[in-house]
Protein chains: 2
Amino acid sequence: MFSQACKYAIRAVLYLAVHASEGKKAGVKEIAAALDVPKYFLAKILQQLSRNNLISSTKGPSGGFYLSGQNLEATLKEVVECIDGPDVFNSCILGLPVCSSENPCPLHVQAFAYREGLHYQLKHQAIGDLAKRIEREEQKI
Amino acid sequence: MFSQACKYAIRAVLYLAVHASEGKKAGVKEIAAALDVPKYFLAKILQQLSRNNLISSTKGPSGGFYLSGQNLEATLKEVVECIDGPDVFNSCILGLPVCSSENPCPLHVQAFAYREGLHYQLKHQAIGDLAKRIEREEQKI
DNA sequence: TTAATAAAAGATTTTTTTGTCTTTTATTAT
DNA sequence: ATAATAAAAGACAAAAAAATCTTTTATTAA
């Protein structure tokens, strides 16, 4: 479903939502250690998210990454599409160039339901709200 | 979700279910052309399926691939797991080593609910029955 | 204003996946 | 028996994804 980079991206964003803020930024080193993820690879991913204004960062001492108020209102759908491209949620599960409700591949109905449910959640839940649930239910990231 | 090899495998098996039989085998060349898929790569995939008794084959003139009665009773779940490994349907969508209903990752509920739907179909529908529907509804493979 | 810090950027390497080509083995029709 | 056929197997190449290392740039605290 998601590339490795995308999985790291989602987890990093959720980590920032829960553990960081403008007054308490988190560095690559901290995030990579907390998530047990390759540091330099994560750095690249964070840069990409930052360039696309999905996360915020400042350089220098006491610098690092965090989510601004605006960032917290974004959704994971945007994060996912930033890393894995815009077709993640609507490409055919069998890779057929034409596959739609009108012209469905043999797995279309099932695959569509599966992915659309996930898509819906990622699209309609703000990252900030998701973070609250994670804290409330003490979920691992 | 599925690797490229797995997508080819599913499509090839369905092609065989619809277009081939013990009396009318299909060669790699025919299948690759019909599905517009790289020939030599497909050959490798068919070999793997054959070694695992998910498809049948015979060498030599008028040889090729087909599905035996037993093969038609198998499911796409078996095909998928033969190519992509046994964890496709129960590994965490975020790649966390521990993620279950008791100890869910932040996306577990959504991912599980919807993936399980796909899993259920692939697990409980025989390839032969699926092929009948494909013919009935004239679906592209 | 300087040294230390940490992200940004660029270049490179490693690993995995995908795709190709060649040789061998089995089968069958002549 | 033999030639033709087609899968099986093995070796190889290309592309993509994942991971690493180095240099540059911006910031800030002393």
Side-chain angles (χ1 to χ4, degrees), chain A residues 1-12 16 20 22-33 35-68 71 80 82-85 87-88 94-95, chain B residues 1-12 16 20 22-33 35-68 71 80 82-85 87-88 94-95:
Chain A
M1 180 83 234
F2 301 137
S3 70
Q4 194 61 58
C6 188
K7 293 175 189 174
Y8 294 160
I10 294 172
R11 295 175 62 205
L16 290 175
E22 181 148 18
K24 187 176 175 256
K25 291 155 198 158
V28 190
K29 212 170 148 190
E30 171 189 338
I31 308 172
L35 303 183
D36 191 25
V37 145
K39 186 172 54 170
Y40 295 119
F41 190 34
L42 180 63
K44 288 297 170 198
I45 296 163
L46 293 173
Q47 281 171 35
Q48 192 173 342
L49 292 172
S50 181
R51 274 195 300 272
N52 287 274
N53 302 306
L54 289 165
I55 67 177
S56 304
S57 72
T58 56
K59 294 182 177 182
S62 81
F65 298 92
Y66 65 99
L67 301 191
S68 67
N71 294 152
V80 167
C82 175
I83 304 295
D84 276 353
D87 292 335
V88 209
L94 294 184
Chain B
M1 179 86 232
F2 301 138
S3 70
Q4 195 60 58
C6 188
K7 293 175 189 175
Y8 294 161
I10 293 172
R11 294 175 63 203
L16 291 174
E22 180 148 19
K24 185 175 176 258
K25 291 154 197 159
V28 190
K29 212 170 146 190
E30 171 189 338
I31 307 172
L35 303 183
D36 190 25
V37 147
K39 187 171 59 171
Y40 295 120
F41 190 34
L42 180 62
K44 289 295 170 201
I45 295 163
L46 293 173
Q47 281 170 35
Q48 192 173 339
L49 292 172
S50 181
R51 275 196 300 274
N52 288 275
N53 301 306
L54 289 166
I55 67 177
S56 304
S57 71
T58 57
K59 293 184 178 181
S62 83
F65 297 93
Y66 65 99
L67 301 191
S68 67
N71 294 152
V80 167
C82 176
I83 303 295
D84 277 353
D87 293 333
V88 207
L94 294 184

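A, B, ... follow the sequence lines: proteins, then strands. Residue 1 opens every chain. These numbers come from the heavy atoms of this one structure, side chains and all, not from hydrogens, waters or symmetry mates.
Computed from coordinates, the B/F65 CZ to D/dA6 P distance equals 12 Å when rounded to whole Å. One atom, CG of B/L49, and another, C1' of D/dA8, lie 14 Å apart when rounded to the nearest Å. In this structure, CD of B/Q47 is placed 12 Å from C1' of C/dT25, rounded to the nearest angstrom. For the pair A/E22 CD and D/dT28 P, the computed distance is 11 Å after rounding to whole Å. Whole-Å rounding puts the A/K7 NZ to D/dA19 C1' distance at 16 Å. For the pair A/L42 CG and D/dA18 P, the interatomic distance rounds to 14 Å; values are reported in whole Å. Straight-line distance from the CD1 atom of B/I45 to the P atom of C/dT17: 13 Å, rounded to whole Å. Rounded to an integer number of Å, the gap from NZ of A/K25 to P of C/dT5 is 17 Å.
For D/dA29, the OP1/OP2 oxygens have a side-chain nitrogen or oxygen of A/S62 closer than 4.0 Å. Within the structure, every side-chain polar atom (N or O) of B/R51 is placed at least 4.0 Å from both OP1 and OP2 of D/dA7. For the OP1/OP2 pair of C/dT18 and a distance below 4.0 Å, the side-chain nitrogens and oxygens of B/Y40 include no atom meeting the criterion. Residue B/S57 has a polar side-chain atom (N or O) positioned under 4.0 Å from OP1 or OP2 of D/dA8.
By the 4.5 Å heavy-atom criterion applied to side chains, B/V88 and B/M1 are counted as neighbours. In this structure the side chain of B/L67 reaches within 4.5 angstrom of the side chain of B/I55, judged on heavy atoms. Here the side chains of A/L16 and A/K25 are not in contact, with every heavy-atom distance at 4.5 Å or above.
Comparing D/dA19, D/dA4, C/dG19 by their nearest atom to the side chain of B/F41 picks out C/dG19. Taking the side chain of B/Y8 as heavy atoms from C-beta on, and the options C/dG19, C/dA8, C/dT25, the nearest nucleotide is C/dG19. Taking every side-chain heavy atom of A/P38 into account, D/dA19 is the closest of C/dA8, D/dA19, D/dT5. For B/K59, taking side-chain heavy atoms from C-beta onward, the closest of the listed nucleotides D/dA19, C/dA4, C/dA26 is C/dA26.
Not counting sequence neighbours, the partners of B/P38 by the side-chain contact (heavy atoms from CB on, under 4.5 Å) test are B/Y8, B/F41.
Position along DNA chain D of the nearest nucleotide to B/G60 versus A/C6 favours B/G60 as the more 5'-ward residue. Summary of the strand contacts: B/T58 and B/S3 both lie near DNA chain C, and taking for each the nucleotide with the nearest heavy atom, the more 5' one is attributed to B/S3.
Not one N or O on the side chain of A/Q48 forms a donor-acceptor pair closer than 3.5 Å with the backbone of A/I83.
On a pure distance criterion of 3.5 Å, a polar donor-acceptor pair joins the side chain of A/K44 and the base of C/dA9.
Residue contacts for A/Q4: at a heavy-atom cut-off of 4.0 Å it reaches the sugar-phosphate backbone alone, with no base atom in range.
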